[in-house]
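Both counts, for ligands and for their atoms, begin at 1 and track the order of listing.
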Amino acid sequence: LATDYSQIVRLITIGKTVEGRDIVGLHISKDFTQSATKPGVIFMGGHHAREHLSVETPLRLTKKLLERYQAGDSEVVALVDNRDIHIIPAVNPDGLEYDVSSGNYRSWRKNRRKNPDGVYGVDLNRNYGFGWGTGGSSDDTYSDVYMGPAPFSEPETQAIKNYVEANKNITILLSFHTFSKLVLYPWGHTYDPISDNQAQRVHELMAKKMAGWNGYTPEQSSDLYIASGDTTDWSYGELKIISFTFELDPGQFLGGGFYPGAGIIEEVVNKNWKPYLYLIDHSDNPYRVLNEK
Ligand code: 0X9
Ligand code: ZN
């Protein structure tokens, strides 16, 4: 994509993994000298190794965006020309590779940190530093929700932290996961709503709007279950970025769980196209949804 659309896309590297792989992404801007002056939005996927659809979806959405831009689609051209768009489709490439490298899926979730006791993996979506370790995560290295020894102990979460903090124009963040067909918003570490009523309302309204397009269920993250140290509690809690987690298709284990097959990709991309454009659009001021119907 960076090669095919080199006028407006740059391949970026935001850091390295535990095993030394590059964590790569795409930066889309009409004018890279001015990009920081435009409203920013960030999409990410692949925190969890077995959630391959969470990698494919942001990639394919971005491919579609670039194709439409090239084709002169007026809505897309107006958006891309006036926004600063960041995509990190694979936050956990070590885990993703480990999950597929034997030829049989391993249902791996965590990164590939070799912990001091020899047990592998930290759950990257329990390792972010806001309300870290306050519930729904574990200090047992054998656990699939092992939080790590400290907030941001992992190079993968550190890379996201540094990148998002460096791009101060980012107002909206979406982290793709699978599965269950949900649109989630903070908080995840507590049943309390966000104390800023307007910010709470913005999350609710945007989640509901997007759910109307993709057919998912909008709810507060903790309504799914309490979990601390996830991406969005940090990005909203620390940086006040309006933040969402999508749990993509399928709805259930019966629909294929983490491994629904490549045949589902197109349908999932199509149903999430409007939410994707909506988030890019509203990065100029997400609070304007308070005045929209
Ligand atoms: O548990 C997670 O990290 C996410 N679900 S997944 O099946 N993809 O692992 C959900 C995170 C939502 N956040 C909270 N419930 N805090
Ligand atoms: Zn996940």
Would [X] count as a polar contact of ligand 1, with the cut-off being nitrogen or oxygen pairs under 3.5 Å?
X: Ser228; result: no
X: Thr245; result: no
X: Ala227; result: yes

**Prompt:** Can you tell me how far CD1 of Ile226 sits from CH2 of Trp187, rounded to the nearest 0.5 angstrom?
**Reply:**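 So the CH2 of Trp187 and the CD1 of Ile226 are separated by 12.0 Å.
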**Prompt:** In terms of residue, atom name and distance, what is the protein heavy atom nearest to atom 1 (O) of ligand 1?
**Reply:**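 Residue, atom and distance for the closest contact: Tyr225 OH, 2.5 Å.
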**Item:** the Zn ion (ligand 2) - closest N/O/S atom in His48
**Value:**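 Relative to the Zn ion (ligand 2), the closest nitrogen, oxygen or sulfur of His48 carries the name ND1.
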**the Zn ion (ligand 2) to His177: nearest N/O/S atom name** =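 Of all N, O or S atoms belonging to His177, ND1 is the one nearest the Zn ion (ligand 2).
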**Item:** Close approach, His189 and ligand 1, non-hydrogen under 4.0 angstrom
**Value:**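 Outside the 4.0 Å threshold, so no.
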**Element-labelled atoms of ligand 1 that are located less than 4.0 Å from some non-hydrogen atom of Leu184** =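 Once the distances to Leu184 are compared, the set is 12 (C).
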**Prompt:** Relative to the heavy atoms of Asp230, which atoms of ligand 1 are at a distance of less than 4.0 Å?
**Reply:**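 With Asp230 as reference, the close atoms of ligand 1 come out as 12 (C), 13 (N), 14 (C), 16 (N).
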**Request:** Quick one: closest heavy-atom pair of Asp249 and Glu267, and the distance?
**Result:**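 Residues Asp249 and Glu267, closest heavy atoms: OD2-OE2, 4.0 Å.
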**Message:** Quick test of your reading of the structure: of Arg50, His177, Glu247, whose heavy atom lies closest to atom 10 (C) of ligand 1?
**Reply:**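 Considering heavy atoms of Arg50, His177, Glu247, the nearest to atom 10 (C) of ligand 1 sits in Glu247.
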**Prompt:** Which of these, Lys110, Arg21, Arg112, Lys16, sits in a side-chain hydrogen bond (donor to acceptor under 3.5 Å, both in side chains) with Asp94?
**Reply:**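 Going through the options one by one, the only one that passes is Arg21.
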**Asked** the Zn ion (ligand 2) to Glu247: any N/O/S contact under 2.8 Å?
**Response**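 No N, O or S atom of Glu247 is closer than 2.8 Å to the Zn ion (ligand 2), so no.
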